[in-house]
Student: 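Pasting a structure here, questions to come.
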Amino acid sequence: MKFAIVEGKHREAQPDLSGECRDCAGAVIAKCGEVRVWHWAHWRARDCDRWSEPETPWHRAWKNHFPENWQEISHSSENGEKHRADVKTDRGVILEFQHSFLPRDEQKSRENFYPKMVWVVSGRRRKRDRKQFFACFDARRVVNAEPRIVSVLWKEGALLREWGASRVPVYFDFGDSEPDDAVRFDTPTLWRLNPCGPNGRSYLAAVPKTLFLHCHLNGEPFEVMCTEAVERVATRHLLKQAAQPLAGFERYMARRKRTRPRF
(Lines give C-alpha, C1' and ligand atoms only; values in the text may rest on other atoms or scores of the structure.)
Protein backbone atom coordinates (compact mmCIF):
# COMPACT_ATOMS: atom_id res chain seq x y z
CA MET A 1 0.00 0.00 0.00
CA LYS A 2 1.16 3.52 -0.75
CA PHE A 3 -0.98 5.27 1.90
CA ALA A 4 -1.98 4.69 5.52
CA ILE A 5 -3.53 6.83 8.24
CA VAL A 6 -1.02 8.32 10.67
CA GLU A 7 -2.37 10.60 13.41
CA GLY A 8 -5.52 11.18 11.40
CA LYS A 9 -3.76 12.05 8.13
CA HIS A 10 -3.04 10.10 4.97
CA ARG A 11 0.70 9.49 4.82
CA GLU A 12 3.14 7.66 2.58
CA ALA A 13 5.53 5.19 4.15
CA GLN A 14 8.54 6.72 5.93
CA PRO A 15 11.14 5.02 8.16
CA ASP A 16 9.98 4.22 11.71
CA LEU A 17 6.36 5.19 11.08
CA SER A 18 3.35 3.10 12.02
CA GLY A 19 -0.29 3.71 11.28
CA GLU A 20 -3.58 2.07 10.41
CA CYS A 21 -5.02 0.68 7.19
CA ARG A 22 -7.51 2.96 5.47
CA ASP A 23 -9.71 -0.03 4.59
CA CYS A 24 -9.78 -2.29 7.66
CA ALA A 25 -8.30 0.04 10.36
CA GLY A 26 -5.76 -2.68 11.17
CA ALA A 27 -2.24 -1.82 12.32
CA VAL A 28 0.32 -1.28 9.54
CA ILE A 29 4.05 -0.57 9.58
CA ALA A 30 6.25 1.26 7.10
CA LYS A 31 8.54 -0.95 5.02
CA CYS A 32 11.42 1.23 3.79
CA GLY A 33 14.12 -1.03 2.42
CA GLU A 34 16.52 -0.76 -0.50
CA VAL A 35 14.97 -3.42 -2.77
CA ARG A 36 11.24 -2.74 -3.00
CA VAL A 37 9.48 0.61 -3.21
CA TRP A 38 8.61 2.02 0.21
CA HIS A 39 5.17 0.81 1.26
CA TRP A 40 2.89 -0.03 4.15
CA ALA A 41 2.32 -3.61 5.30
CA HIS A 42 -0.16 -5.07 7.75
CA TRP A 43 1.29 -5.94 11.14
CA ARG A 44 1.44 -9.73 11.65
CA ALA A 45 -1.20 -10.35 9.00
CA ARG A 46 -1.70 -10.54 5.28
CA ASP A 47 -3.14 -7.58 3.44
CA CYS A 48 -6.88 -7.23 4.03
CA ASP A 49 -7.38 -7.11 0.25
CA ARG A 50 -6.53 -10.53 -1.20
CA TRP A 51 -6.00 -8.91 -4.62
CA SER A 52 -3.16 -6.77 -3.30
CA GLU A 53 0.25 -7.38 -4.92
CA PRO A 54 3.77 -6.02 -4.35
CA GLU A 55 4.32 -2.78 -6.24
CA THR A 56 7.19 -2.02 -8.60
CA PRO A 57 8.62 1.44 -9.47
CA TRP A 58 6.66 1.15 -12.77
CA HIS A 59 3.44 0.62 -10.82
CA ARG A 60 4.10 3.52 -8.45
CA ALA A 61 5.06 5.86 -11.31
CA TRP A 62 1.71 5.25 -13.01
CA LYS A 63 -0.21 5.97 -9.79
CA ASN A 64 1.68 9.23 -9.34
CA HIS A 65 0.22 10.60 -12.59
CA PHE A 66 -3.12 10.94 -10.80
CA PRO A 67 -4.33 12.95 -7.79
CA GLU A 68 -3.69 11.33 -4.41
CA ASN A 69 -7.40 11.30 -3.60
CA TRP A 70 -7.95 9.04 -6.66
CA GLN A 71 -5.34 6.50 -5.59
CA GLU A 72 -5.99 3.27 -3.65
CA ILE A 73 -9.73 3.80 -3.44
CA SER A 74 -11.85 1.13 -1.77
CA HIS A 75 -14.71 -0.16 -3.92
CA SER A 76 -17.55 -2.31 -2.57
CA SER A 77 -20.00 -4.56 -4.40
CA GLU A 78 -23.65 -5.12 -3.50
CA ASN A 79 -22.79 -8.32 -1.61
CA GLY A 80 -20.26 -6.49 0.58
CA GLU A 81 -17.09 -7.67 -1.16
CA LYS A 82 -14.45 -4.94 -0.99
CA HIS A 83 -11.26 -4.32 -2.96
CA ARG A 84 -8.73 -1.50 -3.28
CA ALA A 85 -8.49 -0.03 -6.80
CA ASP A 86 -5.17 1.39 -7.97
CA VAL A 87 -6.92 4.49 -9.32
CA LYS A 88 -10.58 5.47 -9.43
CA THR A 89 -11.26 8.61 -11.45
CA ASP A 90 -13.92 11.16 -10.60
CA ARG A 91 -16.02 9.59 -13.38
CA GLY A 92 -15.86 6.19 -11.69
CA VAL A 93 -13.41 4.59 -14.14
CA ILE A 94 -11.12 2.06 -12.48
CA LEU A 95 -7.52 1.96 -13.72
CA GLU A 96 -5.60 -1.16 -12.73
CA PHE A 97 -1.85 -1.31 -13.35
CA GLN A 98 -0.58 -4.86 -13.78
CA HIS A 99 3.08 -5.87 -13.89
CA SER A 100 3.03 -9.47 -12.62
CA PHE A 101 1.37 -12.44 -14.31
CA LEU A 102 -2.36 -12.69 -13.61
CA PRO A 103 -4.32 -15.89 -14.43
CA ARG A 104 -7.36 -15.44 -16.65
CA ASP A 105 -9.81 -16.39 -13.88
CA GLU A 106 -8.44 -13.58 -11.71
CA GLN A 107 -8.61 -11.13 -14.62
CA LYS A 108 -12.24 -12.10 -15.11
CA SER A 109 -13.02 -11.70 -11.40
CA ARG A 110 -11.73 -8.14 -11.39
CA GLU A 111 -13.43 -7.23 -14.66
CA ASN A 112 -16.73 -8.51 -13.26
CA PHE A 113 -16.23 -6.72 -9.94
CA TYR A 114 -15.52 -3.24 -11.32
CA PRO A 115 -18.35 -1.76 -13.47
CA LYS A 116 -16.04 0.44 -15.59
CA MET A 117 -12.48 -0.77 -15.81
CA VAL A 118 -9.29 -0.39 -17.87
CA TRP A 119 -6.08 -2.42 -17.63
CA VAL A 120 -2.61 -0.95 -18.11
CA VAL A 121 -0.15 -3.83 -18.48
CA SER A 122 3.62 -3.64 -18.36
CA GLY A 123 5.26 -4.98 -21.52
CA ARG A 124 8.65 -5.35 -19.85
CA ARG A 125 8.06 -8.21 -17.41
CA ARG A 126 9.66 -10.78 -19.75
CA LYS A 127 12.46 -10.00 -22.18
CA ARG A 128 10.77 -11.85 -25.07
CA ASP A 129 7.43 -10.01 -24.80
CA ARG A 130 8.59 -6.91 -26.61
CA LYS A 131 10.04 -8.80 -29.57
CA GLN A 132 7.03 -11.13 -29.91
CA PHE A 133 4.56 -8.26 -29.67
CA PHE A 134 6.08 -6.18 -32.45
CA ALA A 135 6.81 -9.19 -34.68
CA CYS A 136 3.23 -9.01 -36.01
CA PHE A 137 3.61 -5.39 -37.14
CA ASP A 138 4.12 -5.85 -40.87
CA ALA A 139 2.54 -3.72 -43.59
CA ARG A 140 -0.22 -6.26 -44.29
CA ARG A 141 -1.50 -5.97 -40.73
CA VAL A 142 -1.84 -2.19 -40.67
CA VAL A 143 -5.50 -1.45 -41.38
CA ASN A 144 -5.38 2.27 -40.56
CA ALA A 145 -2.44 4.64 -40.84
CA GLU A 146 -3.51 7.48 -38.54
CA PRO A 147 -4.15 6.61 -35.82
CA ARG A 148 -2.09 3.44 -36.31
CA ILE A 149 -4.35 0.40 -35.99
CA VAL A 150 -3.06 -3.13 -36.51
CA SER A 151 -5.02 -6.35 -37.00
CA VAL A 152 -3.81 -9.22 -34.78
CA LEU A 153 -4.85 -12.69 -33.63
CA TRP A 154 -5.04 -13.13 -29.87
CA LYS A 155 -2.73 -16.20 -29.94
CA GLU A 156 0.20 -14.23 -31.39
CA GLY A 157 2.72 -13.87 -28.56
CA ALA A 158 2.44 -14.40 -24.82
CA LEU A 159 1.01 -10.97 -24.01
CA LEU A 160 -1.84 -11.34 -26.50
CA ARG A 161 -2.56 -14.90 -25.33
CA GLU A 162 -2.72 -13.77 -21.70
CA TRP A 163 -4.89 -10.69 -22.30
CA GLY A 164 -6.74 -11.38 -25.55
CA ALA A 165 -9.83 -12.74 -23.81
CA SER A 166 -10.32 -9.61 -21.70
CA ARG A 167 -13.72 -7.97 -22.08
CA VAL A 168 -12.39 -4.51 -21.18
CA PRO A 169 -9.73 -2.34 -22.87
CA VAL A 170 -6.12 -3.37 -22.22
CA TYR A 171 -3.20 -0.96 -22.75
CA PHE A 172 0.31 -2.36 -23.14
CA ASP A 173 3.10 -0.09 -21.92
CA PHE A 174 6.59 -0.78 -23.29
CA GLY A 175 8.21 2.40 -22.01
CA ASP A 176 9.36 5.58 -23.70
CA SER A 177 10.57 4.13 -27.01
CA GLU A 178 9.76 1.31 -29.41
CA PRO A 179 12.28 -1.25 -30.72
CA ASP A 180 11.54 -0.98 -34.42
CA ASP A 181 11.79 2.08 -36.66
CA ALA A 182 8.61 0.94 -38.42
CA VAL A 183 6.58 1.55 -35.26
CA ARG A 184 8.61 4.29 -33.59
CA PHE A 185 6.76 7.36 -32.35
CA ASP A 186 7.95 10.78 -31.20
CA THR A 187 6.18 10.47 -27.85
CA PRO A 188 5.64 7.57 -25.39
CA THR A 189 2.93 5.37 -26.86
CA LEU A 190 0.57 2.81 -25.39
CA TRP A 191 -0.96 0.02 -27.46
CA ARG A 192 -4.67 -0.44 -26.84
CA LEU A 193 -6.06 -3.94 -27.31
CA ASN A 194 -9.70 -3.78 -28.25
CA PRO A 195 -11.81 -6.62 -26.78
CA CYS A 196 -11.38 -9.68 -29.01
CA GLY A 197 -14.07 -10.74 -31.48
CA PRO A 198 -15.56 -14.26 -31.75
CA ASN A 199 -13.21 -15.11 -34.63
CA GLY A 200 -10.14 -14.60 -32.45
CA ARG A 201 -9.19 -11.41 -34.25
CA SER A 202 -8.61 -8.15 -32.47
CA TYR A 203 -7.13 -4.73 -33.17
CA LEU A 204 -4.27 -2.82 -31.56
CA ALA A 205 -4.43 0.97 -31.64
CA ALA A 206 -1.53 3.32 -30.93
CA VAL A 207 -2.50 5.82 -28.22
CA PRO A 208 -0.11 8.57 -27.04
CA LYS A 209 0.40 8.24 -23.31
CA THR A 210 -0.15 11.97 -22.87
CA LEU A 211 -3.57 11.68 -24.54
CA PHE A 212 -4.55 8.73 -22.33
CA LEU A 213 -3.61 10.67 -19.20
CA HIS A 214 -5.20 13.94 -20.36
CA CYS A 215 -8.55 12.32 -21.13
CA HIS A 216 -8.79 10.32 -17.91
CA LEU A 217 -7.63 13.24 -15.77
CA ASN A 218 -10.24 15.51 -17.36
CA GLY A 219 -13.13 13.06 -17.35
CA GLU A 220 -13.50 12.80 -21.12
CA PRO A 221 -15.32 9.69 -22.50
CA PHE A 222 -12.06 8.43 -23.95
CA GLU A 223 -12.69 4.69 -23.83
CA VAL A 224 -16.07 4.98 -25.57
CA MET A 225 -14.55 7.13 -28.32
CA CYS A 226 -11.62 4.73 -28.77
CA THR A 227 -13.84 1.67 -28.97
CA GLU A 228 -16.16 3.29 -31.52
CA ALA A 229 -13.23 4.47 -33.67
CA VAL A 230 -11.58 1.02 -33.69
CA GLU A 231 -14.89 -0.71 -34.42
CA ARG A 232 -15.47 1.53 -37.45
CA VAL A 233 -12.02 0.67 -38.81
CA ALA A 234 -12.54 -3.03 -38.01
CA THR A 235 -15.85 -3.07 -39.87
CA ARG A 236 -14.26 -1.55 -42.99
CA HIS A 237 -11.39 -4.05 -42.74
CA LEU A 238 -13.72 -7.06 -42.44
CA LEU A 239 -15.90 -5.88 -45.33
CA LYS A 240 -12.81 -5.45 -47.46
CA GLN A 241 -11.63 -8.97 -46.57
CA ALA A 242 -15.05 -10.43 -47.34
CA ALA A 243 -15.09 -8.72 -50.73
CA GLN A 244 -11.72 -10.15 -51.81
CA PRO A 245 -12.87 -13.79 -52.36
CA LEU A 246 -15.96 -12.54 -54.20
CA ALA A 247 -13.87 -10.34 -56.48
CA GLY A 248 -11.54 -13.26 -57.16
CA PHE A 249 -14.48 -15.52 -58.03
CA GLU A 250 -15.89 -12.90 -60.39
CA ARG A 251 -12.54 -12.61 -62.19
CA TYR A 252 -12.34 -16.40 -62.47
CA MET A 253 -15.84 -16.63 -63.98
CA ALA A 254 -15.05 -13.83 -66.43
CA ARG A 255 -11.92 -15.64 -67.62
CA ARG A 256 -13.81 -18.92 -67.92
CA LYS A 257 -16.54 -17.25 -69.95
CA ARG A 258 -13.97 -15.89 -72.39
CA THR A 259 -12.14 -19.21 -72.83
CA ARG A 260 -14.87 -21.86 -72.75
CA PRO A 261 -15.60 -23.62 -76.09
CA ARG A 262 -18.67 -22.51 -78.04
CA PHE A 263 -20.73 -25.58 -79.05
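Residues take their numbers from the sequence shown, with the count starting at 1. These numbers come from a predicted model, not from an experiment.
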Student: Apply the side chain to side chain donor-acceptor pair (under 3.5 Å) test between Gln98 and each candidate in Gln107, Glu53, His59; give the one that qualifies.
Tutor: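 In the set Gln107, Glu53, His59, the residue that makes a side chain to side chain donor-acceptor pair (under 3.5 Å) with Gln98 is Glu53.
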Student: Is there a donor-acceptor pair under 3.5 Å between the side chain of Trp163 and the backbone N or O of Phe172?
Tutor: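 Here the side-chain-to-backbone pair does not exist.
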Student: Going by atom types only, do Asn64 and Lys2 share a side-chain donor-acceptor pair under 3.5 Å?
Tutor: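 The answer is yes; a qualifying pair exists.
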Student: Could you tell me whether Glu55 and Lys63 make a salt bridge, using a distance below 4.0 angstrom between a side-chain N and a carboxylate O?
Tutor: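 Salt bridge present between Glu55 and Lys63.
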Student: Are Trp51 and Glu106 linked by a side-chain donor-acceptor pair shorter than 3.5 Å?
Tutor: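 No - no donor-acceptor pair under 3.5 Å links their side chains.
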Student: I'd like to know if the side chain of Trp38 reaches the main chain of Gly33, judged simply by a donor and an acceptor atom lying under 3.5 Å from each other, with no hydrogens or angles considered.
Tutor: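 Yes, the answer is positive, given that a donor and an acceptor are paired below the 3.5 Å cut-off.
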Student: Pick from Trp58, Phe134, Trp191: which one makes a ring pair (Phe, Tyr, Trp, His ring centres under 6.0 Å) with Phe174?
Tutor: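 Considering Trp58, Phe134, Trp191, a ring pair (Phe, Tyr, Trp, His ring centres under 6.0 Å) with Phe174 is found only for Phe134.
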Student: Going by side-chain contact (heavy atoms from CB on, under 4.5 Å), His10 matches just one of Gln71, Glu72, Glu68, Arg22. Which one?
Tutor: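 For His10, the side-chain contact (heavy atoms from CB on, under 4.5 Å) check succeeds only for Arg22.
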Student: Please say whether more than 12 non-hydrogen atoms of neighbouring residues, nucleotides or ligands are located less than 6.0 Å from CZ in Arg91.
Tutor: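 No, CZ of Arg91 has 12 or fewer neighbouring heavy atoms, counting only those of other groups under 6.0 Å.
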Student: Measure from the side-chain N and O atoms of Asn194 to the backbone N and O of Ser202, and report whether any donor-acceptor pair falls under 3.5 Å.
Tutor: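 Checked: no pair found.
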Student: Parallel, tilted or perpendicular for His65 and Trp62, by the 30°/60° rule?
Tutor: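 Ring orientation of His65 relative to Trp62: perpendicular.
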Student: Using 4.0 Å as the upper bound for N to carboxylate O, is an ion pair formed by Lys108 and Asp105?
Tutor: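 Lys108 and Asp105: not salt-bridged.
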Student: Closer than 4.0 angstrom, basic N to acidic O: yes or no for Glu162 and Arg126?
Tutor: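 Between Arg126 and Glu162 there is a salt bridge, with a charged N closer than 4.0 Å to a carboxylate O.
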Student: Any sub-3.5 Å donor-acceptor pair from Arg84's side-chain atoms to Ile73's backbone N or O?
Tutor: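 No, the answer is negative, given that no donor and acceptor are paired below the 3.5 Å cut-off.
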Student: In the single-linkage hydrophobic clustering (I, L, V, M, F, W, Y; side-chain heavy atoms under 4.5 Å), do Val207 and Phe97 co-cluster?
Tutor: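 Cluster IDs for Val207 and Phe97 match.
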Student: For Glu7, look at atom CD and say whether over 12 heavy atoms of other residues, nucleotides or ligands are found less than 6.0 Å away.
Tutor: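 Not more than 12 within 6.0 Å, no.
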Student: Would His75 and Phe113 count as a ring-ring contact (aromatic ring centres under 6.0 Å, His included) here? Give the steps.
Tutor: CA-CA 9 Å; His75 182 87; Phe113 180 76; 5.4 Å; yes
